[in-house]
There are 2 protein chains.
Amino acid sequence: MKVTIKDIAKATGFSVTQVSRALTGYSDVSPKTRENIIKVAKEMGYQPNYSARSLRRQRTHTIGLVIPSTRLALTDPFFLEFLSGIGYESSKTRYDLLISFSNNKNGQMKILKDLVLSRRVDGIILNRIENEDKRVSFLLEKKYPFVAFGKIESDGDHPYVEIDGFDATYQVTNHLIKKGHKKISFINVPEWQVCAKYRLAGYKKALEDYNIQFDDELVINNEETDSAGYSIVNEILKKNKHVTAFFVNSDVMAIGAVKALNEAKIEIGKEIALAALNDTNITQNMNPPITSLAQPIHLIGEKVTQMLIKILNNKDFKLKQVIIKPKLIIRESTSNMILN
Amino acid sequence: MKVTIKDIAKATGFSVTQVSRALTGYSDVSPKTRENIIKVAKEMGYQPNYSARSLRRQRTHTIGLVIPSTRLALTDPFFLEFLSGIGYESSKTRYDLLISFSNNKNGQMKILKDLVLSRRVDGIILNRIENEDKRVSFLLEKKYPFVAFGKIESDGDHPYVEIDGFDATYQVTNHLIKKGHKKISFINVPEWQVCAKYRLAGYKKALEDYNIQFDDELVINNEETDSAGYSIVNEILKKNKHVTAFFVNSDVMAIGAVKALNEAKIEIGKEIALAALNDTNITQNMNPPITSLAQPIHLIGEKVTQMLIKILNNKDFKLKQVIIKPKLIIRESTSNMILN
DNA sequence: ATTATCATCCAAAACGTTTTGGATAATTAA
DNA sequence: TTAATTATCCAAAACGTTTTGGATGATAAT
């Protein structure tokens with residue numbers, strides 16, 4: 001029982017053209033006609049066919065997002081706040097969000113290519129930017145609109161929103177050092193992520209500022225999962241390097257770190273300090289609550305979307321980069337423990 | 001630089017028809033021709049235009065999901081596992097997932113109507129089914145394919161996957177009673193949710209089986225948020241009803257409950273028992289770990305999607321209901337505390 | 001009274017596919 | 001040899017919009 005523009009044309013006696021123009025707000029339709037057409041359209045429950053409109057207009061009014069269908073992304077509250085921000089903003093302008101899940105068989109690149117070449121979406125949102133990210137170079141080559149969450153290091157002036165990774169780790173490390181810590185184990189995100197090197201740099205700089213020797217063995221890169229956090233903390237403990245503080249680069253990792261420390265009967269906040277990065281409800285609600293770095297991630301999702309939509313509606317939109325400074329939230333896991 | 005079927009026709013010397021047929025696997029194309037066309041198509045990076053194909057085929061190969069853009073849905077790991085399951089399954093058959101966010105201005109019903117009437121998606125997945133759910137009656141009226149997560153009580157034989165709410169709460173209550181609890185505060189989901197009454201019934205039945213008087217004042221319905229959990233536990237504590245166990249109907253609520261109990265200096269697992277429902281990483285990783293009800297939610301997401309896709313591809317698919325029994329996971333928050 | 005302007009309208013083309021309904025030539029059956 | 005069958009092809013219609021490029025008649029300007 002789908003009702004098309006033709007049905008309305010027939011019902012009102014006007015041409016298909018006039019109906020279309022009346023409904024989309026052209027000026028060359030008499031007020032009376034427009035009123036009549038709108039009334040009838042409403043009565044008949046007309047809604048323009050999405051595919052037809054997209055085909056003709058050459059725009060789908062949809063934003064694309066490719067995410068791996070592993071549990072990694074979809075159980076990290078950090079990512080979800082981001083997604084929520086995207087949703088919040090896109091719903092404002094009635095853009096829809098198309099989520100394509102990649103899997104083993106169809107990797108991110110394949111899905112992305114399909115999305116772009118089949119013109120299924122008007123623009124793309126990227127996250128977790130890699131060094132020499134292939135997705136970025138593909139989109140640049142195709143001149144396809146996109147905005148990234150994470151710094152892009154390709155040549156040129158591309159739009160992204162970034163959290164200042166150097167500043168983030170500097171703040172935390174600095175805080176820990178001020179509490180008297182010298183042996184701080186730094187558990188970083190995987191090296192292929194662009195932000196990994198900036199985060200490492202911030203950590204190193206803080207040590208340097210206080211003349212603390214950098215120890216290679218205290219730094220480990222791994223995926224942001226709880227199991228990674230668990231095994232790494234165990235590994236470091238086994239090395240017996242007299243570490244007094246752990247700084248994990250994701251809240252999800254903190255879950256595993258806490259578990260490992262609990263099992264080792266090392267009391268967090270008293271015998272060892274623990275800081276994380278992301279400040280989701282994970283670190284907020286742990287026992288003890290864990291020092292973390294607040295990032296306005298919902299807002300970042302909104303911002304990224306807003307930028308993309310602006311680009312979609314205005315080819316000449318001046319591409320901008322946004323850099324956000326995170327805010328240190330000090331909690332019991334580091335605040336009460338003071339070394340000398 | 002988009003390449004259409006016409007370009008390939010020109011490049012190979014065949015008609016547009018033949019190119020289309022060769023690419024989609026019709027039998028009346030000679031092997032040599034097909035090979036040639038496929039080769040050229042690949043070389044030129046051809047990908048069928050999605051809108052055009054959808055318009056002609058009258059199917060979009062996309063599944064729709066409407067979620068409120070409040071933080072509620074998108075920070076509940078339970079919902080996210082569900083989403084992840086949907087993604088996992090849909091990616092298998094290359095269906096895409098369109099997420100439409102509702103907001104204050106455009107409510108769920110408006111968004112759903114738009115989605116359906118504009119033929120943007122082939123089918124819909126519903127969750128959090130309400131009593132006399134308007135979405136359900138709308139979809140039934142429009143004869144639009146859908147599958148629900150949650151029991152549907154309208155007349156007729158509609159496809160849904162349900163978790164047995166009666167069994168769930170019965171199991172937990174039974175477990176608590178066996179540990180000696182008689183004053184069990186039952187914090188239920190909002191009444192407008194279909195499952196609320198079944199959950200209440202399971203709780204009541206367990207009490208009845210042990211001849212424990214049902215106390216109205218110990219039962220409260222509210223949203224599944226941490227702040228609700230927090231304020232309700234406080235409220236119950238204030239009533240001074242000598243409650244020995246709290247049973248909250250969502251893991252997210254447990255976050256708030258734990259906070260309230262911590263603040264009141266009541267030790268969980270020793271002075272009071274706490275059980276939740278959902279068994280996400282929230283209850284798993286709390287201190288102490290919290291008894292909860294495991295539900296194969298990822299699998300449910302897969303199942304729902306699978307059912308919907310079957311319906312989409314076979315109008316005569318026998319509609320089925322799936323009912324899932326949750327599994328009690330006993331943890332320290334209830335296991336060590338035994339009353340007499 | 002004629003021309004210019006304006007308001008209102010519409011037929012047809014276009015978007016890029018898939019499908020319908022044959023056409024043609026080659027092969028097989030009679 | 002002729003008729004029937006088969007393999008391979010294609011022009012044109014269709015999907016439901018929006019847009020192009022006027023057409024028409026009424027009003028205003030000259």
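Convention: sequence-line order gives letters A, B, ...; per-chain numbering from 1.
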Nearest-Å distance, CD (B/Gln18) to P (D/dA11)? 10 Å
Test of understanding: with side-chain hydrogen bond (donor to acceptor under 3.5 Å, both in side chains), list the residues that count as partners of A/Gln193, not counting sequence neighbours. A/Glu224
Looking at every strand, decide which applies to B/Ser27 at a 4.0 Å heavy-atom threshold: base, sugar-phosphate, or nothing. nothing
Considering residues at least two apart in sequence or located in another chain, which fulfil the side-chain contact (heavy atoms from CB on, under 4.5 Å) criterion with B/Asp157? B/Leu319, B/Gln321
Residues at least two apart in sequence or cross-chain that pass ring pair (Phe, Tyr, Trp, His ring centres under 6.0 Å) with A/Tyr95, listed by chain then number, are A/His61
For nucleotides 16-24 of chain C, give me one character per nucleotide, 5' to 3': B if any protein heavy atom sits under 4.0 Å from the base, S if the only such contacts are to the sugar-phosphate, - if neither. BBBBBB---
What donor-acceptor contacts under 3.5 angstrom involve side-chain atoms of residues 32-46 of chain A, with partners at least two apart or in another chain?
residue	atom	partner	partner atom	Å
A/Thr33	OG1	A/Ser30	OG	2.6
A/Arg34	NE	A/Ala22	O	3.3
A/Arg34	NH2	A/Tyr26	O	2.3

Set of ring pair (Phe, Tyr, Trp, His ring centres under 6.0 Å) partners for A/Tyr50, sequence neighbours left out: none
